[in-house]
Amino acid sequence: METSDSECFESADEEIYAENENKKSKKVAGSPPSKEIPCETEHISYLKTEETKNERTNILDSNLQVDEDKPTKIGLSNTNEPEVITDNNTSNIQEEDEVNMWDEDEDWEPVETKTEIKPSESPPLTINRIWGWDLSAMLNAATVGVTAVTTQVSQGLSNVLETGIGAPDPAELARRTTQEEHTHDAEITEPSTNSSTNLFGFGNLVSGVTQITKLVETTGNKVILGGLDTLETIGKKTMQVLQEGDPGLKKKRALLKIEGEKPVLSHILREAKEKAELENRLLEEQHFARKANYESLFDDHQGLVHLEALEMLSKQCSIKLERLIESQSGRELVELQETMNQIVELCELVDDDDELEDASEIKEKLDTAVSEMVINISYDKVLTTRKEAEQWLDNLHLGVCSELELHEQAIDTLAQLTALAVERYHKIGELLLIKEHRSTADEADSLVQVTTILTALIGNMATKFSNKLSEKLSDSTHKDHINTLITNVYFESANSTSYLKNAFQLLIPVLQVGAI
Amino acid sequence: MSYAYLFKYIIIGDTGVGKSCLLLQFTDKRFQPVHDLTIGVEFGARMITIDGKQIKLQIWDTAGQEAFRSITRSYYRGAAGALLVYDITRRETFNHLTTWLEDARQHSNSNMVIMLIGNKSDLESRREVKKEEGEAFAREHGLVFMETSAKTAANVEEAFINTAREIYEKIQEGVFDINNEANGIKIGPQHSPTNPSLPGTGGQGGSQGGGCC
């Protein structure tokens, strides 16, 4: 089996041999061997462990055939391995041998270089392999596989001694292997007469075993290191290309904004934080603002939608009137326009400073005013809301209620009253439109009265709230703030009044439609 | 309350079919057996969620009485959805559907989503209009159909929400121009970012609207 294997790998042997020669020459150049040897090649040879086993044997064989001294060289090179040395005696002997060998061989130069370089660098792989091969060859010959070696190693030194004792000088063994393959077994068992050789052999064997384990280890390391080396090479090349015409990569950095990246991150975070804080603050303000926002409260009480509906109704009536005016001409048109203008005049509001104090008085006045329109409409909701607000104010404990709460209540009351009033205007409009017998003048008069009462009612309500706020003024530290709130209440009161007046104005076309 | 969209609905149909009761059931989740006659139009509002967006439904509950017909017509304008209601126990209310539908189509925008509702489904013993008839009418006129009961609340939510979903889909399809308030859709005010369901909605709605147009 062995022989056939050897034959099979003959061509490969040549390559590896050539490779080894190559390495040697490179080493002569003085560069560190491990760096010099291309990683790829190393990998291949390591990965092919099984194959190379045989290859090595052949290398050795061929070497031995050519030059009888080569095996010795191999032995020597191995002894220089620091890890291999397990025994002081052995190393001493090895040294002796070394000297002898130096003297003996002329064709020694490449190996000499090796020995010089090796100690400083990691052990040249070729040698390791060769030695590994040597041992494997021996073990193979002794029908012990790599697994067995591993087992032996794990079993301990005693086992190694048992099986390995009496092993001849590996160099000699190697030589013999080629010469008499079949008698190998016998040779191994043949007791060695030279104790020193025996020891040396033993040392080599031990180191060989170590070498195998080491081989495995280094294979792993080399794979990793080789991979890293490759990456390093790629990285270096990449940088080289990148830096061409752009020293320090300044342009590219600027392009990719690498420089500005770092401060930006913290900047972004800070900005985000500030933004969040601002949003929260705005939110809080919005929350309070909304709570006391007249328009949104007016909408919440459905004032806006009623106003919208009233607008639609008013618009519809206006369209109707426009069509009528367009269809009229001459005297009829003049008369019609006069009627229209009269109605507008009827709807003019006069400033009435009537003070509304009593709830029953207000109700009475409103009822009277509404009755003139001859429609089924009541202002009970408005009056109830007004009453409730009044009660709230009466039961108010100023010490407990903050000025903000008071203001909030004031705005809400005004918005609600206005919304209800607008709703009433809307209802009046709808009811007047379905009324069979219209009396425009009465309706206009009634609406003027109603509007006057309602605006007075709202103004009165605002005053009551403002008075309460003023009471707070005396024992408050934020007088400015309270004054602002009081101003706001009066402002929204005026706003309410304009809503009512606007709603009333929207009813004018409804009244006009009734007059034609 | 902040919302992404506001949809205007109108509820139309003969008097006494239960329009106001449907609204009350939807907004207040209660039933009032005796309801005052609606004058002109009354309003109801409720917030619903569609596709994670808050939508405010502003419902215009119109008077069914013939006297108010000319008034209520003026309110159709700008409605995004309409609930056309009839009473399954009164055939004449079903017979008047065509008139109501013509009125609605004439006075509102063509994209308005109309949901046909056969109300009072709880009064099965007094049924005069078969469900199939309602379905056929809806199919014929391209309406969505549903039988509801304002009393038991059966299908009430669904009727309002399904209509809203249809409108919402039309917005997504770009059928409705949300920037034109005549379509009955208003984009909500700026939303408060605290509401997790809302933050993007306003912006998204806006951008979608932009895309649509």
Side-chain angles (χ1 to χ4, degrees), chain A residues 275-291 293 295-297 299-320 375-378 381 419-420 422-436 506-507 509-510 513, chain B residues 1-3 6-11 15 23 27-28 36-47 56-79 106-108 181-182 184 186 188-196 198-200 202-203:
Chain A
K275 203 182 166 189
E277 279 172 353
L278 185 75
E279 273 175 4
N280 279 335
R281 205 162 52 239
L282 280 169
L283 224 73
E284 272 176 45
E285 281 169 12
Q286 271 176 12
H287 175 71
F288 280 110
R290 173 147 189 97
K291 267 186 128 179
N293 182 273
E295 262 69 35
S296 52
L297 287 167
D299 186 23
D300 289 349
H301 293 295
Q302 294 199 336
L304 215 54
V305 73
H306 275 288
L307 193 64
E308 193 188 329
L310 178 57
E311 278 170 356
M312 290 173 105
L313 209 61
S314 180
K315 200 181 174 186
Q316 207 70 22
C317 292
S318 297
I319 291 165
K320 206 173 174 181
I375 50 166
N376 182 21
I377 190 136
S378 107
K381 269 194 183 176
L420 285 168
V422 168
E423 191 248 319
R424 293 288 91 183
Y425 281 107
H426 176 216
K427 283 293 132 193
I428 288 168
E430 289 175 332
L431 288 167
L432 287 177
L433 281 170
I434 61 155
K435 202 171 95 171
E436 279 185 28
L506 288 167
L507 278 178
V510 176
V513 164
Chain B
M1 279 282 273
S2 50
Y3 49 84
L6 183 143
F7 294 166
K8 177 183 170 179
Y9 276 20
I10 51 164
I11 311 180
T15 184
L23 176 62
T27 57
D28 290 30
D36 291 341
L37 281 174
T38 306
I39 296 161
V41 68
E42 290 296 338
F43 304 102
R46 207 186 112 176
M47 207 72 89
K56 184 178 177 177
L57 299 183
Q58 191 189 72
I59 303 136
W60 294 46
D61 169 31
T62 65
Q65 281 174 287
E66 187 60 41
F68 285 107
R69 191 68 78 87
S70 65
I71 292 171
T72 52
R73 273 191 205 117
S74 58
Y75 300 135
Y76 290 6
R77 186 172 290 277
Q106 202 184 327
H107 295 93
S108 65
E181 286 193 3
K186 290 176 191 169
Q190 289 302 304
H191 308 295
S192 51
T194 35
N195 194 333
L198 285 173

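Everything quoted here is computed from the prediction, not taken from an experiment. Sequence lines set the chain letters: A, B, ... in the order given, protein chains first and strands last, and positions in each chain run from 1.
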- Item | Residues in residues 302-312 of chain A near chain B [non-hydrogen atoms, under 4.5 Å] |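 When heavy atoms of chain B are the reference, residues 302-312 of chain A contributes A/Q302, A/V305, A/H306, A/E308, A/A309, A/M312 within the under-4.5 Å range.
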Quick check for you: to the nearest 0.5 Å, what is the distance between [X] atom [atom1] and [Y] atom [atom2]?
{"X": "B/I71", "Y": "A/L431", "atom1": "CD1", "atom2": "CG", "result": "8.0 Å"}
{"X": "B/S70", "Y": "A/Q316", "atom1": "OG", "atom2": "CD", "result": "8.5 Å"}
{"X": "B/F43", "Y": "A/H426", "atom1": "CZ", "atom2": "NE2", "result": "5.0 Å"}

- Message: Other residues, nucleotides and ligands only: do more than 12 of their heavy atoms fall within 6.0 Å of CZ on B/R73?
- Response: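 Enclosed: over 12 neighbouring heavy atoms sit under 6.0 Å from CZ of B/R73.
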- Message: Does A/K320 have more than 12 heavy atoms from other residues, nucleotides or ligands lying within 6.0 Å of its NZ?
- Response: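 No - once you tally the heavy atoms of other residues, nucleotides and ligands closer than 6.0 Å, there are 12 at most.
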- Using non-hydrogen atoms and a 4.5 Å limit, figure out which bit of B/Q58 sits close to chain A: side chain, backbone, both or neither.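 For B/Q58, side-chain heavy atoms alone lie under 4.5 Å from chain A.
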- Message: Between B/A67, B/A45, B/S74, who has the most heavy-atom pairs with chain A when the cutoff is under 4.5 Å?
- Response: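 That would be B/S74.
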